[in-house]
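Here is the structure we will look at.
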Amino acid sequence: MITPPAHALLHWYDRHRRTLPWRCTEGETPDPYRVWLSEIMLQQTTVKAVGPYYLRFVEKFPTVQALAAAPRDDVLAAWAGLGYYSRARNLHACAQAVAALGGFPRTVEGLRALPGIGAYTAAAVAAIAFGVPVVPVDGNVERVTARLYNVQDPLPAARKTLAQLASGLNADAPARARPSDFAQALFDLGSSLCSPRQPACGLCPWQGTCAGYAQGMAATLPRKTPKAERPVRHGVHFMVMDAAGHVLLRKRPETGLLAAMTELPGTAWRTEPWAEAEALAQAPTTAQWARAGVVKHVFTHFTLYVVVYAARVERFANTDVAQGFLLPVTQAKTASLPSIMQKCMTAGYDFLHRA
DNA sequence: AACCCGTGGGC
DNA sequence: TGCCCAAGGGT
């Protein structure tokens, strides 16, 4: 087993490292809070999508103490649109735990025990913020490793093997001297040269020791077992606005999909499409409901079609409002809604302003 | 172990 | 358009 030379990767990194909002320049001391925050946001989420959210968060919550002291709903609101909302709830719980501890644990095991921090994030924060010589294994590192060692076993079954192989990548002295840079160099290598589709092996600092390249297999790795088909579900949501321009919203349950997030009132999301009469029986108020449109939204494990019904009323009855809360439509249009509800809101709003 | 949990961009 | 992918974690 040949360990690729860390000095070659680090030399490449010193010339080509990305400038990112959460990344220190050379010589700067990393802020563990910012490292941790960025790592949580970057879970299954692109650098481009995270950028504006990260900047807004550090402005609104400059320290882990500030985040811990903030109301949970403020944190959820700041997260709205970024997806995987359990991250936001765990982020807040983690901030409170860290504030109680007086600071972030400096070891992998200590970090791993905190909410929302798994094996990857614990290693990433330990390496980047505290200089612990560990290799965080994310999708990038799995891909780089699968290619370096020509691992043919498909993911996700090969995950343990890849983690084991990756853990040896920092075995030599140059890597152990710069744990933070070495981890980030692996990310940059994976996101640029060693990319999923068309790796630029001709420019790679590790080409000489890459078994996948030697076998002409690099671009095909890592292999993956085919995913199950994505089922379809159907739901109906209702947008109703009063003469003063208020829209009726409600809060979703504390657990499950889009937990604790805001939504338009609606039906369950089920396999069978809803007949109109059946759906209208669940409308939040009596009104002249009109079919405003259909919204399609793709979640990780199912595709959702939502029929949006819209209506105007003069004013809401107290019993209507008791189901949720009212918000001026001008705020709702730009408010802290999950993306699917943002789409529904737009569909209803556009319809009411056309009709 | 297998499933649940979002979203937007690239090709 | 449809599919793949992204600095994964919890249960």
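So you know, we letter chains A, B, ... as the sequences are listed, proteins then strands, and number each from 1.
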Measure from [atom1] on [X] to [atom2] on [N] and round the result to the nearest Å.
| X | N | atom1 | atom2 | answer |
| --- | --- | --- | --- | --- |
| A:F187 | C:dA6 | CZ | C1' | 13 Å |
| A:F299 | C:dC5 | CZ | P | 21 Å |
| A:Y84 | C:dC5 | OH | P | 13 Å |
| A:L37 | C:dA7 | CG | C1' | 13 Å |
| A:K227 | C:dC3 | NZ | P | 12 Å |
| A:I40 | C:dA7 | CD1 | C1' | 10 Å |
| A:L82 | C:dA7 | CG | P | 14 Å |
| A:R230 | B:dC4 | CZ | P | 12 Å |

Report task. Check whether any side-chain N or O of A:Q44 sits under 4.0 Å from OP1 or OP2 of C:dG8, and answer yes or no. Result ->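 Checking A:Q44 against C:dG8: at least one side-chain N or O falls below 4.0 Å of OP1 or OP2.
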Query raised in the report: Hey, does the side chain of A:H301 come within less than 4.0 Å of B:dC4's phosphate (OP1/OP2), counting only N and O?
Result: no
**Report entry** Parallel, tilted or perpendicular: ring planes of A:Y120 versus A:F187, cut at 30 and 60 degrees
**Finding:** tilted
Report task. Could you list who else is in A:W274's hydrophobic cluster, with ILVMFWY side chains joined at under 4.5 Å, directly or through other members? Result -> A:V232, A:V236, A:F238, A:V240, A:L248, A:L280, A:W289, A:V294, A:Y305, A:V307, A:Y309, A:V313, A:F316, A:V321, A:L326
Query raised in the report: Hey, what else clusters with A:L221 if you join Ile, Leu, Val, Met, Phe, Trp, Tyr whenever side-chain heavy atoms sit under 4.5 Å?
Result: A:M217
Query raised in the report: Taking only residues two or more places apart in sequence, or in another chain, which ones meet A:R106 in a salt bridge (Lys or Arg N to Asp or Glu O under 4.0 Å)?
Result: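 If we apply the salt bridge (Lys or Arg N to Asp or Glu O under 4.0 Å) test to A:R106, skipping adjacent residues, there are no hits.
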**Report entry** A:R252: salt bridge (Lys or Arg N to Asp or Glu O under 4.0 Å) partners, not counting sequence neighbours
**Finding:**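 A:R252: salt bridge (Lys or Arg N to Asp or Glu O under 4.0 Å) contacts with A:E263.
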Query raised in the report: Under 6.0 Å between the ring centres of A:H297 and A:F299?
Result: yes
Query - Earlier contact from the 5' end, DNA chain C, for A:K296 and A:P196 - result: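 The 5'-side residue here is A:K296.
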Query - Base B:dG6 to side chain A:T45, donor-acceptor N/O within 3.5 Å cut-off - result: yes
Requested in this report: Sorted by first residue and then second, give each side chain to side chain donor-acceptor pair (under 3.5 Å) pair with at least one member in residues 168-196 of chain A; sequence neighbours left out.
Outcome: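 Every pair satisfying side chain to side chain donor-acceptor pair (under 3.5 Å) with a residue in residues 168-196 of chain A: A:D14-A:R178, A:R18-A:D188, A:R18-A:S191, A:R23-A:Q184, A:R23-A:D188, A:R178-A:D181, A:S180-A:Q184.
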Report summary line: In short, salt bridge (Lys or Arg N to Asp or Glu O under 4.0 Å) pairs touching residues 205-224 of chain A with sequence neighbours left out are none
Query raised in the report: So A:L148 and A:L169, side chain to side chain contact (heavy atoms under 4.5 Å, CB included) or not? Walk me through it.
Result: CA-CA 10 Å; A:L148 276 173; A:L169 289 176; 3.8 Å; yes
Determine the minimum heavy-atom distance between [X] and [Y], stating which atoms define it.
| X | Y | value |
| --- | --- | --- |
| A:R143 | A:P222 | CG-CD, 3.5 Å |
| A:G202 | A:Q207 | CA-NE2, 3.5 Å |
| A:C344 | A:V306 | SG-CG1, 3.8 Å |

Query raised in the report: Between residues 250-271 of chain A and DNA chain B, which residues have a heavy-atom gap below 4.0 Å?
Result: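 Contacts with DNA chain B under 4.0 Å: A:G256, A:L257, A:L258.
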Query raised in the report: With rounding to whole Å, what would you report as the distance between B:dC3 and C:dA7 at their P atoms?
Result: 25 Å
Under 3.5 Å, which N/O atoms of the protein pair with N/O atoms of nucleotides 9-11 of chain C?
from	atom 1	to	atom 2	distance (Å)
C:dG9	OP1	A:G118	N	3.0
C:dG9	OP1	A:T121	N	2.9
C:dG9	OP1	A:T121	OG1	2.6
C:dG9	OP2	A:Y120	N	3.4
C:dG10	OP1	A:G116	N	2.7

Query raised in the report: Which part of the nucleic acid, if any, lies within contact of A:W22, taking any heavy atom under 4.0 Å across all strands shown: a base, the sugar-phosphate backbone alone, or nothing?
Result: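 Here A:W22 touches the bases of the nucleic acid.
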Query raised in the report: Which is true for A:L20 with a 4.0 Å heavy-atom rule: it touches a base, it touches only sugar-phosphate, or it touches nothing?
Result: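 Here A:L20 touches the bases of the nucleic acid.
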Query raised in the report: What is the distance from atom CD of A:Q65 to atom CD of A:Q96, rounded to the nearest 0.5 Å?
Result: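 It comes to 12.0 Å.
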Query raised in the report: Of the residues in residues 129-151 of chain A, which ones touch DNA chain C at a heavy-atom distance under 4.0 Å?
Result: A:D138, A:G139, A:N140, A:R143
Report task. Name all residues meeting the side-chain contact (heavy atoms from CB on, under 4.5 Å) criterion together with A:Y84; count only those two or more places apart in sequence or in a different chain, and write none if there are none. Result ->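 Checked A:Y84 against side-chain contact (heavy atoms from CB on, under 4.5 Å); matches are A:Q44, A:R87, A:T300.
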Do any N or O atoms of the protein come closer than 3.5 Å to N or O atoms of nucleotides 8-11 of chain B, and which pairs are they?
from	atom 1	to	atom 2	distance (Å)
B:dG8	OP1	A:S339	OG	3.0

Report task. Could you pull out all residues at least two apart from A:H92 that satisfy side-chain hydrogen bond (donor to acceptor under 3.5 Å, both in side chains)? Result -> none
